[in-house]
Amino acid sequence: MQIYDTLDKKLKDLNSNRTLNIYICGITPYSESHIGHAMSAVIFDTLRRYLLSQDYKLKFVQNFTDIDDKLINVAKEKNTTIDKISNKYISQHLNSLSKLNVMPADHAPKATEEIKEMINMIEALISKEMAYEINGDCYFRVNKFDTYGKLSKRNTDEMLAGARIDINENKEHPMDFALWKKQINDEPGWESPWGNGRPGWHIECSAMSMKYLGQNLDIHGGGRDLIFPHHENEIAQSEGFSDNPPFSNIWMHNGLINLKSEKMSKSIGNIISIDDLLQKYSAAAIRMFFISGNYKNPLEYDDAILISNEKAINRLKQTLNLNSSDSLDELDPDKFINKFNQSMSKDLNTSLALGSIFEMSRSINQSFNKNINISKSQLALAKLLNILGIDTDSENETNNNLDTKEIEDLINLRNKHRLDKDYKKADEIRDKLEAMGIAIYDSDDGTKWRNI
RNA sequence: GGCGACGUGGCCAAGCGGUCUAAGGCAGGGGUCUGCAAAACCCUUAUUCGGCGGUUCGAAUCCGCCCGUCGCCUCCA
């Protein structure tokens with residue numbers, strides 16, 4: 001398996017001989033998770049499922065940054081505690097992801113439960129003079145880390161030229177970033193060698209990934225927007241601390257979701273929550289939407305595409321439900337499986353992989369029509385879909401309060417008219433059902449219905 | 001201003017030096033099935049890859065310029 005590394009800008013092989021350590025940056029739980037978080041989670045879940053299917057061993061950690069300025073502000077506004085806010089959104093987040101068929105991480109540490117590790121790390125950085133304390137705040141000394149900027153391909157001078165960086169009186173250098181922040185008034189604080197305070201943004205990921213996965217990760221992932229400053233700073237403090245580069249062998253970043261050509265983010269406020277999306281579309285269609293293109297590229301949110309994915313999923317479902325003949329003449333699925341695996345192993349090319357799935361589906365349908373035994377291929381197809389986390393039996397959560405009894409009564413009435421060959425009345429009932437949002441179809445097995 | 005990504009059929013999207021007259025999905029057209037439909041199935045739909053030059057025996061794929069869209073440089077998946 002090869003993955004594109006943001007830092008070295010090339011494809012890199014994954015070591016299959018030992019357990020792979022994978023760390024994905026999680027959310028800051030201060031508001032409801034949006035579909036951008038969902039996309040990121042689905043992409044890394046797809047990676048994980050594929051690796052497992054290829055017998056890789058891996059440890060998968062995703063954190064929660066449950067202490068930060070925004071969390072403090074929300075708690076203040078709502079007159080409650082950061083605990084209550086973060087717990088609420090963490091459980092909501094996990095719940096939404098499980099509906100999307102995202103597997104839970106092996107470890108999901110919370111920043112607030114790893115304060116001691118962070119303090120140890122900051123102390124070590126200070127003793128190495130890579131960091132310093134001023135008035136209860138601690139900062140990382142950017143100029144002490146030679147390769148600062150290597151991930152985001154920029155240097156401190158260029159960034160300063162941008163002149164949009166707030167110059168904090170306390171810092172030695174404007175680009176130095178906070179490792180520890182002094183407690184102010186009634187804000188939450190933990191005891192530390194520098195007085196009460198709380199961790200800065202980046203340090204939690206360094207501390208937690210090292211604690212659970214060691215100093216050299218195989219893959220460190222997250223959204224593109226984390227490249228700077230978050231991941232850049234993580235590298236600086238982690239490698240500065242360990243003197244054992246690389247902090248991560250591969251940096252893997254997914255593209256972001258755009259809404260009307262504008263990035264969707266909590267700060268802009270153009271948000272679609274995961275649960276909103278799940279109300280409208282099945283988990284299967286949503287997952288297909290997220291992986292329909294290259295994971296590194298931005299994705300434009302588009303209802304028309306989600307609807308088309310819903311239809312595509314439906315076709316797959318039909319193929320899976322075909323009753324195979326028990327003929328000795330059997331359709332061999334290997335060709336499709338191989339293409340699928342080749343695509344996936346080359347930097348997670350999910351679009352090509354999906355292509356092979358649809359080719360397989362068509363081939364199965366054709367074979368079915370020729371009475372060829374397709375059961376082995378159907379099983380293989382189901383397996384591939386499972387690797388993509390696409391569960392064709394998933395339904396959306398639409399809860400349109402329809403009266404099932406009423407629908408069935410209408411269908412029975414229509415069938416009576418059909419038997420009497422009174423097609424005019426039968427068609428009227430069909431139109432009425434359609435107006436109610438119900439599509440019906442006659443099959444050998446009786447009349448079926450579904451939501452439109 | 002600096003750094004980076006992207007521009008492929010009506011829409012989404014893969015391909016990144018020859019097997020490309022360009023995968024796959026949706027929509028469209030034709031057919032099977034049906035009382036008629038719907039759903040499903042089958043067949044079909046780009047000599048062309050933002051524009052202009054260049055490199056090469058050969059380019060959607062490499063290089064240059066231009067046009068356009070977006071992201072990062074401040075919190076963000």
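Just so it is clear, the model here is predicted, and its values are computed rather than measured. Throughout, protein chains are lettered first and strands after them, A, B, ... in sequence-line order, and every chain is numbered starting at 1. As a basis for the values below, the full set of heavy atoms in this structure was taken, side chains included, without hydrogen atoms, waters or symmetry mates.
The separation of B:rG10 from B:rG2, taken at their P atoms, amounts to 36 Å, rounded to a whole angstrom. Separation of the C1' atoms belonging to B:rA46 and B:rA22 is 8 Å when rounded to the nearest angstrom. Here the separation of B:rA23 from B:rG31, taken at their C1' atoms, is 25 Å to the nearest Å. Taking atom C1' in both B:rU8 and B:rG24, the straight-line distance is 14 Å, to the nearest Å. B:rC20 and B:rC67 are spaced 27 Å apart, taking the C1' atom of each and rounding to whole Å. Rounded to a whole angstrom, the distance from the P atom of B:rC36 to that of B:rU45 is 29 Å. Comparing B:rC12 with B:rG28, their C1' atoms are spaced 16 Å from each other, to the whole Å. Comparing the same atom, C1', in B:rA60 and in B:rG18 gives a spacing of 13 Å after rounding to whole Å.
Within 4.0 Å (heavy atoms only), A:R315 reaches sugar-phosphate atoms of the nucleic acid but no base atom. Residue A:N294 is classed as a sugar-phosphate contact, given heavy-atom separations below 4.0 Å to backbone atoms only. The residue A:A304 sits apart from the nucleic acid: no heavy atom pair falls under 4.0 Å. Among the heavy atoms of the strands, none lies under 4.0 Å from A:K421. At a threshold of 4.0 angstrom between heavy atoms, the contacts of A:K339 are confined to the sugar-phosphate backbone, with no base atom among them. Using a 4.0 Å heavy-atom distance criterion, A:I257 is classed as a base contact. Within 4.0 Å of A:N365, counting heavy atoms only, lie sugar-phosphate atoms of the nucleic acid but no base atom. Among the heavy atoms of the strands lying under 4.0 Å from A:Y423 is at least one base atom, whether or not backbone atoms are also near. Using a 4.0 Å heavy-atom distance criterion, A:S351 is classed as a base contact. Residue A:I440 is classed as a base contact, given a heavy-atom separation below 4.0 Å to a base.
Contact of A:R414 with B:rG35 (side chain to base): a donor-acceptor pair of N or O atoms is detected under 3.5 Å. Contact of A:D302 with B:rC26 (side chain to base): no donor-acceptor pair of N or O atoms is detected under 3.5 Å. Side-chain N/O atoms of A:D427 and base N/O atoms of B:rG35 include a donor-acceptor pair closer than 3.5 Å. You'll find a donor-acceptor pair under 3.5 Å spanning the side chain of A:R430 and the base of B:rC36, going by distance alone.
With a cut-off of 3.5 Å on both Watson-Crick or G-U wobble distances, the partner of B:rC6 is given as B:rG68. In this structure, B:rC20 forms no base pair with any nucleotide, since neither Watson-Crick nor G-U wobble geometry is met with both distances under 3.5 Å. Under the Watson-Crick or G-U wobble criterion, with both distances below 3.5 Å, B:rA60 has no partner in any strand shown. Base pairing analysis places B:rU32 opposite B:rA40; the two distances defining the Watson-Crick or G-U wobble pair are each below 3.5 Å.
For the pair A:S86 (side chain) and A:D66 (backbone), a donor-acceptor distance under 3.5 Å is absent.
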Taking it one step at a time, do A:E114 and A:Y212 satisfy side chain to side chain donor-acceptor pair (under 3.5 Å)?
CA-CA 11 Å; A:E114 314 283 347; A:Y212 292 97; 2.7 Å; yes
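With respect to the salt-bridge test (charged N to carboxylate O, under 4.0 angstrom), the residues A:D442 and A:R430 do not qualify. Salt-bridge formation is detected for the pair A:K70/A:D68: a Lys NZ or Arg NE/NH1/NH2 atom is positioned less than 4.0 Å from an Asp or Glu carboxylate oxygen.
In this pair, A:W251 and A:H220 present their aromatic rings parallel. The plane angle is below 30°, not in the 30 to 60° band.
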